[in-house]
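These notes are about the structure you will find just below.
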Number of protein chains: 2
Amino acid sequence: MTDADADAAGPATVRSVARAAGVSVATVSRVMAGTGVVSPARTERVLAAARDLGYRPDPIARSLATGTSRRVAVVVPNLSNPYFYDIIRGIGRASAADGYTMTVADSMEDAAAERALATDMLQQADALVLVAPRSDRTALEVLQRSRRPVLMLLGPRSESELPDLSVDNLGGMTALYRHLADIGHRRVVYLSGPPGAWQNLRRLEAARRAEGFGVQVTVLEAGGTIAAGHDAADAALEHGPTAIACFNDLVAFGVLHRLTERGLGVPTDISLTGFDDIDFSAYSSPALTTVRTPRERLGSEGWRTLRRMIDGESVDPAPPELAAELVVRDSTGPVPSDAVQASA
Amino acid sequence: MTDADADAAGPATVRSVARAAGVSVATVSRVMAGTGVVSPARTERVLAAARDLGYRPDPIARSLATGTSRRVAVVVPNLSNPYFYDIIRGIGRASAADGYTMTVADSMEDAAAERALATDMLQQADALVLVAPRSDRTALEVLQRSRRPVLMLLGPRSESELPDLSVDNLGGMTALYRHLADIGHRRVVYLSGPPGAWQNLRRLEAARRAEGFGVQVTVLEAGGTIAAGHDAADAALEHGPTAIACFNDLVAFGVLHRLTERGLGVPTDISLTGFDDIDFSAYSSPALTTVRTPRERLGSEGWRTLRRMIDGESVDPAPPELAAELVVRDSTGPVPSDAVQASA
DNA sequence: CTGTTAGCGCGTTCAG
DNA sequence: CTGAACGCGCTAACAG
């Protein structure tokens with residue numbers, strides 16, 4: 001009768017609950033896990049004892065015993081971009097609804113770190129989501145041989161056998177160029193994304209298409225952050241473009257900042273476009289013309305397919321790309337009549 | 001001699017490595033964990049075998065054996081606010097440097113969910129960070145009784161015994177009101193934050209101080225998101241303020257949007273302030289006058305004190321608040337001469 | 001339906 | 001220094 005276990009020596013265990021309820025540990029396990037069948041009477045006794053002792057099954061021990069953790073690991077290249085956060089949120093909420101816990105790690109745009117994190121975390125989770133991987137094909141192939149499900153979001157698609165959910169980068173970027181062409185632009189600079197970003201490849205392809213309808217695209221290296229955009233703006237200007245297209249909205253903000261510093265008006269002197277349509281793009285000055293892609297949905301949909309993989313069902317390794325939608329706002333406008341901004 | 005374990009039956013274990021190296025499992029454990037002393041020769045043999053077999057100690061099993069997971073859990077109220085993820089990034093990077101893994105969960109502004117998540121995650125981590133808790137005192141006290149270290153960031157401070165690192169909300173908000181007073185404002189509406197946000201309490205206190213220097217502050221409920229700001233703007237206007245002060249930058253963006261919709265100019269018709277100085281606040285139109293607080297540093301500093309708690313050292317439960325700095329940009333200006341915007 | 005028992009993979013005494 | 005043996009807390013056969 002000595003319920004000394006109550007709060008005396010550490011947390012309650014299956015054993016202490018079993019003793020208190022006068023049943024075996026197996027019965028306690030069965031009741032708590034909802035597995036197997038236990039008589040109503042005993043079920044009640046166990047539940048009562050568990051409640052009294054404040055018992056909660058230890059997930060670690062459970063993991064060791066079952067070999068599953070009900071945890072999903074997520075690796076993102078950059079925790080500073082709201083775009084990725086929306087995706088994470090999507091995964092987090094969808095997986096939480098299924099009783100899964102999410103672990104997030106930031107590879108800081110470093111392919112090597114990404115690879116290390118991926119293997120590390122995969123060891124402690126049932127599955128892994130690689131968001132916008134920066135790793136090359138071979139590194140990705142290693143992951144593919146893991147026993148555990150791995151899903152990529154915004155990855156290389158056909159470049160790998162890993163299931164990869166993505167958005168229509170090519171279509172979105174092409175729409176942007178066409179919009180630019182429609183309002184008279186012929187010379188545009190494209191500020192390309194961080195090294196290793198597979199997204200960038202598809203967006204780059206759009207440049208060739210653009211030439212098809214008369215838009216000359218000069219590609220310059222930039223990156224994926226506000227700072228990168230700010231730093232690349234001057235170089236972009238030297239090519240005398242009438243519009244600057246950016247890898248993403250963050251870069252566009254950086255460019256916008258630099259342009260303003262130099263006293264250039266957008267879109268009066270030069271037009272500017274982003275990509276992603278993060279929340280803030282509607283509030284910048286001017287509001288950004290960009291391409292909207294379903295962020296949170298990418299996460300939740302991703303979780304759903306990952307869930308199927310966990311459950312051993314087969315999934316399409318290259319599901320249809322999610323649609324990208326052109327959003328025209330105020331940062332793009334007709335070409336100014338005196339449009340010859342030669343190198344400063 | 002049958003090294004069938006190589007890649008045949010699942011991952012290598014201490015046992016398979018021990019066999020391959022011709023030593024006992026204890027020796028393998030000692031070498032891998034870097035604990036105890038093992039002869040150089042054997043150490044080498046073990047390392048070689050481990051490499052050959054691609055052995056990596058199972059963190060789950062290790063956790064069960066040691067009772068520690070080298071994992072830190074983080075609960076935030078809202079994964080949509082860049083402010084919070086800057087903090088998360090700070091925690092993530094600092095803890096990763098110490099070999100810890102971070103698990104993040106979003107309570108979605110729900111105090112009950114927050115409490116559940118906190119206890120859940122604390123069970124699978126060595127320590128917990130509660131960012132901007134929405135729970136009340138009593139719920140917080142429960143957590144305090146946990147055997148594991150719990151740290152609050154932006155919490156109630158003196159209201160609880162839990163260590164709580166915060167920023168100088170009172171000082172920051174007061175500086176904002178004083179700036180407004182300096183440029184002639186006398187009637188301002190304060191759009192207060194989400195229910196349960198302790199931060200809000202201190203910011204509210206500043207209103208009383210503001211009255212000390214002639215600024216009349218009307219408090220209205222809003223929330224912590226862009227949408228909340230957008231929805232509260234009309235009500236705010238009905239009080240005929242010459243300036244609207246917002247709980248945070250997100251709310252300010254929402255208000256800004258609504259103001260623009262109604263054709264009101266900022267700051268020509270009305271002034272607007274935020275709080276937090278998230279990255280985007282410098283890029284809005286107009287750029288936001290706000291208060292900057294050290295976000296990532298809050299996270300990294302928080303991790304450092306949590307780390308001390310994990311190591312059993314004692315920490316100051318109420319460390320000095322981190323400084324908040326007034327950032328005057330373009331959303332605040334002198335009161336227009338015809339400043340009598342009576343209820344629409 | 002229920003209890004007993006043998007692991008899950010590792011750390012850790014405790015003798016040698 | 002090294003190895004054998006036990007235990008972390010739980011689940012999963014396997015008998016009853």
Side-chain angles (χ1 to χ4, degrees), chain A residues 5 9-47 49-50 53-71 99 120 122-126 147-148, chain B residues 5 9-47 49-50 53-71 99 120 122-126 147-148:
Chain A
D5 321 86
T13 71
V14 257
R15 202 142 42 218
S16 60
V17 174
R19 220 177 321 151
V23 301
S24 76
V25 294
T27 299
V28 175
S29 171
R30 284 194 268 257
V31 171
M32 299 311 293
T35 169
V37 193
V38 179
S39 74
R42 280 163 184 268
T43 301
E44 199 41 57
R45 292 227 308 278
V46 169
L47 257 22
L53 300 182
Y55 171 67
R56 306 168 54 75
D58 180 340
I60 308 275
R62 184 174 271 181
S63 290
L64 185 58
T66 62
T68 85
S69 55
R70 291 189 86 76
R71 188 196 320 277
D120 262 28
L122 201 47
Q123 216 182 153
Q124 321 184 40
D126 289 346
R147 309 113 186 85
R148 304 233 163 95
Chain B
D5 322 84
T13 71
V14 258
R15 203 145 40 221
S16 60
V17 174
R19 221 175 323 151
V23 301
S24 74
V25 294
T27 298
V28 175
S29 171
R30 285 193 267 256
V31 170
M32 299 310 293
T35 168
V37 193
V38 179
S39 76
R42 280 163 183 269
T43 302
E44 198 40 56
R45 291 228 306 279
V46 170
L47 257 21
L53 300 181
Y55 171 66
R56 306 166 54 75
D58 181 340
I60 308 274
R62 185 174 270 180
S63 291
L64 184 58
T66 62
T68 85
S69 56
R70 291 189 85 76
R71 189 195 323 273
D120 262 26
L122 201 46
Q123 216 181 154
Q124 322 185 39
D126 290 345
R147 309 113 186 83
R148 302 235 164 95

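Throughout, a chain's letter reflects where its sequence line sits, starting with A, and its residues are numbered from 1.
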Could you give the side-chain donor-acceptor pairs of residues 59-66 of chain B under 3.5 Å, partners two or more places apart or in another chain?
unit_1: B/Ser63; atom_1: OG; unit_2: B/Pro59; atom_2: O; d: 2.9
unit_1: B/Ser63; atom_1: OG; unit_2: B/Thr68; atom_2: O; d: 3.3
unit_1: B/Thr66; atom_1: OG1; unit_2: B/Arg62; atom_2: O; d: 2.9
unit_1: B/Thr66; atom_1: OG1; unit_2: B/Thr68; atom_2: N; d: 3.2
unit_1: B/Thr66; atom_1: OG1; unit_2: B/Thr68; atom_2: O; d: 3.3

remark   = Rounded to 10°, the helix from C/dC1-D/dG16 to C/dG16-D/dC1 deviates from straight, judged by its five-pair end axes, by 40°

inquiry  = Counting primed atoms plus P, OP1 and OP2 as sugar-phosphate and everything else as base, spell out the protein contacts along nucleotides 5-16 of chain D at 4.0 Å heavy-atom distance: B, S or - for each nucleotide, 5' to 3'.
reply    = ---BBBBBB---

message = Test of understanding: with side-chain hydrogen bond (donor to acceptor under 3.5 Å, both in side chains), list the residues that count as partners of B/Arg56, not counting sequence neighbours.
response = A/Asp120

request  = With sequence neighbours left out, write down each residue that passes side-chain hydrogen bond (donor to acceptor under 3.5 Å, both in side chains) with B/Asp58, or none if nothing qualifies.
outcome  = none

ask   = So, for B/Ala50 and B/Val17, which heavy atoms are closest and what is the spacing to 0.1 Å?
value = N-CG1, 4.1 Å

query = A/Ala21 and A/Ala49: which non-hydrogen atoms are nearest, and at how many Å?
reply = CB-CB, 3.9 Å

ask   = Taking only side-chain nitrogens and oxygens of B/Ser24, does any of them come within less than 4.0 Å of OP1 or OP2 of D/dT2?
value = no

query = Do the side-chain N or O atoms of A/Thr27 get closer than 4.0 angstrom to the phosphate oxygens (OP1, OP2) of C/dG3?
reply = yes

query = Donor-acceptor pair, A/Arg71 side chain versus A/Asp126 backbone, under 3.5 Å?
reply = no

Side-chain touch B/Leu53/B/Ser16, heavy atoms, less than 4.5 angstrom = yes

request  = Measure the distance from CZ on B/Arg19 to C1' on D/dA4 and round it to the nearest whole Å.
outcome  = 16 Å

inquiry  = Nearest whole Å is fine: how far is C/dG11 P from B/Ile60 CD1?
reply    = 13 Å

remark   = Which of D/dC1, D/dG3, C/dT2 is nearest the side chain of B/Val37? It is D/dC1

Let me have the donor-acceptor pairs involving side chains of residues 28-43 of chain A, under 3.5 Å, with sequence neighbours excluded, atom names and distances please.
unit_1: A/Ser39; atom_1: OG; unit_2: A/Arg42; atom_2: N; d: 3.3
unit_1: A/Thr43; atom_1: OG1; unit_2: A/Val38; atom_2: O; d: 3.3
unit_1: A/Thr43; atom_1: OG1; unit_2: A/Ser39; atom_2: O; d: 2.8

